[in-house]
Structure formats: structure tokens, C-alpha cells
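Atoms considered below: every heavy atom in the structure, side chains included; atoms not considered: hydrogens, waters and symmetry mates.
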Amino acid sequence: MSGTALDAAFFVGWMTAAAAAIDREAERLTELDSAIGDADHGTNMQRGFAAVVKVVETEPPATPGAVLTTAGRQLISSVGGASGPLYGTLLRRTGKTLGDAAQVSAEELRAGLRAGVEAVGQLGGSAPGDKTMLDALVPAVEALAASFEAAAAAAEEGARSTVPMLAKKGRASYLGERSIGHQDPGATSSALLFAALAEVAK
């Protein structure tokens with residue numbers, strides 16, 4: 001994996017694949033959110049990533065970092081609730097960490113994502129085990145050291161691991177014990193993001 005050079009087109013492909021995955025799963029994301037949230041996660045993410053694709057395909061940014069910072073900015077401006085700021089922060093911080101390089105390695109992407117995930121934790125005041133998107137993101141970034149496929153599998157496993165958890169952050173935390181037994185929608189959409197990354201890396 002260390003020899004893989006990823007250019008701006010790869011990152012545009014990633015955002016496009018992520019938008020398609022979220023589009024396919026929007027109903028499921030909203031169903032999950034209806035159990036423990038505002039029942040709008042699917043539609044919010046669908047709208048946000050559709051806007052991202054429109055921007056990066058209309059005027060493709062020249063570098064990997066620029067693709068992600070543009071995507072993050074678009075999510076912040078077009079997605080309501082907590083999802084916009086959290087996903088926007090993830091992608092913007094990752095993009096800023098990648099800098100102005102025309103190509104980045106998979107290891108550099110992993111370092112960028114690690115910085116992005118840390119920023120999400122700071123913004124949300126959350127940690128793994130709180131039943132949030134971090135439960136998918138943190139293991140995914142760790143597993144990215146092995147391969148894109150391993151990262152996608154770790155994210156999916158992390159999302160499933162939220163089912164028995166008690167929510168400690170976000171809207172779901174208001175439910176207390178009733179949040180147990182439901183999969184976190186943010187962790188689920190985070191797993192879709194990494195599934196899309198593995199898809200374009202094939």
C-alpha cells in the first residue's frame with residue numbers, strides 16, 4: 001500500500017462513490033436516526049454529498065487536499081444538524097493536513113485522516129465508546145495501515161459495535177438506556193465513507 005500515489009481525480013472519485021453509497025442507504029440511515037435522533041440523517045447526508053459532487057465535478061480542485069477541503073466546506077454549508085459540522089471538519093482537517101501536494105501516499109492520507117478524526121473528537125467532545133461516528137472512524141484509520149479494504153471492514157465492524165452501547169453524546173444521549181440496542185447512524189454513514197474509499201482504491 002505504501003507505493004500507491006493518489007491524485008486529485010482519485011479523491012473526486014472517492015467523494016462521488018461516497019455520495020452514491022449514501023444515496024443508496026439514505027432510507028436506512030434515516031430509519032436508524034428515527035430510533036435515536038431527529039430522523040433526518042439520511043436526507044441531510046444525501047443533500048450534502050450531492051452538493052459536494054456537483055462542486056468537485058463542475059470545477060475539479062487541482063490537488064487531493066483541495067478536493068477534501070472543498071468537500072468539507074460544502075458539507076458545512078449545506079448539511080443541517082450536527083452532521084454538517086462534524087463531517088465538514090473531518091474532510092477539511094484531512095485536506096489541510098495533506099497540504100498542496102499534487103499526489104499523496106496512502107500513508108499520508110492515513111495521517112491526514114487521523115488529524116481529521118482528532119478534530120471531530122474535539123468538536124464533538126466525544127471519544128470511542130460514546131456511540132458516535134468515532135466508533136467507526138477510529139478503528140478505520142488504524143486499519144488503514146494494512147489496506148483500504150481492512151479500513152472499510154473495521155469501520156463496518158465499528159458501526160455494528162455501537163448497537164449495545166449507551167449513547168453519551170449527541171441527541172441519542174437524551175434517551176439514556178433507550179439508546180441501547182440501536183446502531184448509531186453517524187457511525188453507519190462513516191462506514192459508508194470508508195466503503196467508498198475501498199471501492200475507488202480497487
ILVMFWY cluster, Phe49 and Val12 together (side-chain gap under 4.5 Å):
yes
Any chance CD of Glu27 has more than 12 other-residue heavy atoms, nucleotides or ligands included, within less than 6.0 Å?
no
Quick check: closest heavy atoms across Ala187 and Thr162, and the distance to 0.1 Å?
CB-CG2, 4.0 Å
In Å and rounded to the nearest 0.5 Å, what is the CG to CG distance from Leu29 to Leu192?
6.0 Å
Hey, could you give me each pair passing side chain to side chain donor-acceptor pair (under 3.5 Å) that has a residue in residues 6-25? Not counting sequence neighbours.
Thr16-Glu57, Asp23-Gln46, Glu25-Arg28
Glu108, CD atom: more than 12 neighbouring heavy atoms under 6.0 Å:
yes
Could you tell me which non-hydrogen atom of Pro139 sits nearest to which non-hydrogen atom of Asp135, and how far apart they are?
CG-O, 3.2 Å
According to a 4.5 Å side-chain heavy-atom criterion applied to Ile, Leu, Val, Met, Phe, Trp and Tyr, with indirect links allowed, do Val56 and Leu6 form part of one hydrophobic cluster?
yes
Is the backbone of Asp40 close enough, under 3.5 Å, to the side chain of Asp33 for a donor and an acceptor to pair up by distance?
yes
Is the side chain of Ser173 donor-acceptor paired with the backbone N or O of Gly170 at a distance under 3.5 Å, no angle test?
yes
Besides Val163, the hydrophobic cluster formed by Ile, Leu, Val, Met, Phe, Trp and Tyr side chains linked at under 4.5 Å, directly or via other members, contains none
For a quick test of reading the model, state the closest non-hydrogen atom pair linking Ala159 to Ala191 and the distance between them.
CB-CB, 4.3 Å
Would you check if Thr97 and Leu113 make a side-chain contact, meaning some heavy-atom pair closer than 4.5 Å?
no
Are Leu98 and Phe148 grouped together when hydrophobic residues (ILVMFWY) are joined by side-chain heavy atoms under 4.5 angstrom apart?
yes
Sub-3.5 Å donor-acceptor pair from the side chain of Ser34 to the main-chain atoms of Ala39, do we have one?
no
Find the distance between CZ (Arg114) and CG (Leu109) and round it off to the nearest 0.5 Å.
10.5 Å
Does one hydrophobic cluster hold both Met15 and Phe10, with members joined at side-chain heavy-atom distances below 4.5 Å?
yes
Between atom CG of Leu144 and atom CD of Glu107, what is the distance when rounded to the nearest 0.5 Å?
8.0 Å
Remaining members of Leu32's ILVMFWY cluster at a side-chain heavy-atom cut-off under 4.5 Å?
none
Pairs under 3.5 angstrom only: tabulate donor-acceptor contacts from the side chains of residues 194-202 to other protein residues two or more places apart or in another chain.
none

What distance separates Glu142 CD from Leu137 CG, expressed to the nearest 0.5 Å?
11.5 Å
Give the minimum heavy-atom separation between Val141 and Val117, together with the two atoms involved.
CG2-CG2, 3.8 Å
Closest approach of Val53 to Ala19 (non-hydrogen atoms, all atoms of both residues)
CG2-CB, 3.4 Å
For the OG1 atom of Thr94 and the CD atom of Glu118, what is their distance to the nearest 0.5 Å?
10.5 Å
Ignoring hydrogens and angles, write down the donor-acceptor pairs under 3.5 Å from the side chains of residues 65-88, residues two or more places apart or on other chains.
{"from": "Thr69", "atom 1": "OG1", "to": "Gly65", "atom 2": "O", "distance (Å)": "3.0"}
{"from": "Thr69", "atom 1": "OG1", "to": "Ala66", "atom 2": "O", "distance (Å)": "3.2"}
{"from": "Thr70", "atom 1": "OG1", "to": "Ala66", "atom 2": "O", "distance (Å)": "2.7"}
{"from": "Ser77", "atom 1": "OG", "to": "Arg73", "atom 2": "O", "distance (Å)": "3.4"}
{"from": "Ser77", "atom 1": "OG", "to": "Gln74", "atom 2": "O", "distance (Å)": "3.1"}
{"from": "Ser78", "atom 1": "OG", "to": "Gln74", "atom 2": "O", "distance (Å)": "2.7"}
{"from": "Ser83", "atom 1": "OG", "to": "His41", "atom 2": "ND1", "distance (Å)": "3.0"}
{"from": "Tyr87", "atom 1": "OH", "to": "Gly186", "atom 2": "O", "distance (Å)": "3.3"}
{"from": "Tyr87", "atom 1": "OH", "to": "Ser189", "atom 2": "OG", "distance (Å)": "2.6"}
{"from": "Tyr87", "atom 1": "OH", "to": "Ser190", "atom 2": "N", "distance (Å)": "2.8"}
{"from": "Tyr87", "atom 1": "OH", "to": "Ser190", "atom 2": "OG", "distance (Å)": "3.0"}

How far apart are the closest heavy atoms of Arg171 and Gly37, and which atoms are they?
CG-CA, 4.0 Å
Under a 3.5 Å distance rule, please check whether Lys131 uses its side chain to pair with a backbone N or O of Ser179 as donor and acceptor.
yes
Separation between CE of Met45 and OG1 of Thr43, rounded to the nearest 0.5 Å
11.0 Å
In this structure, would Leu134 and Leu123 fall into the same cluster of hydrophobic residues linked by side-chain contacts under 4.5 Å?
yes
According to salt bridge (charged side-chain N to carboxylate O under 4.0 Å, His left out), who are the partners of Glu156, at least two apart in sequence or on a separate chain?
Arg160
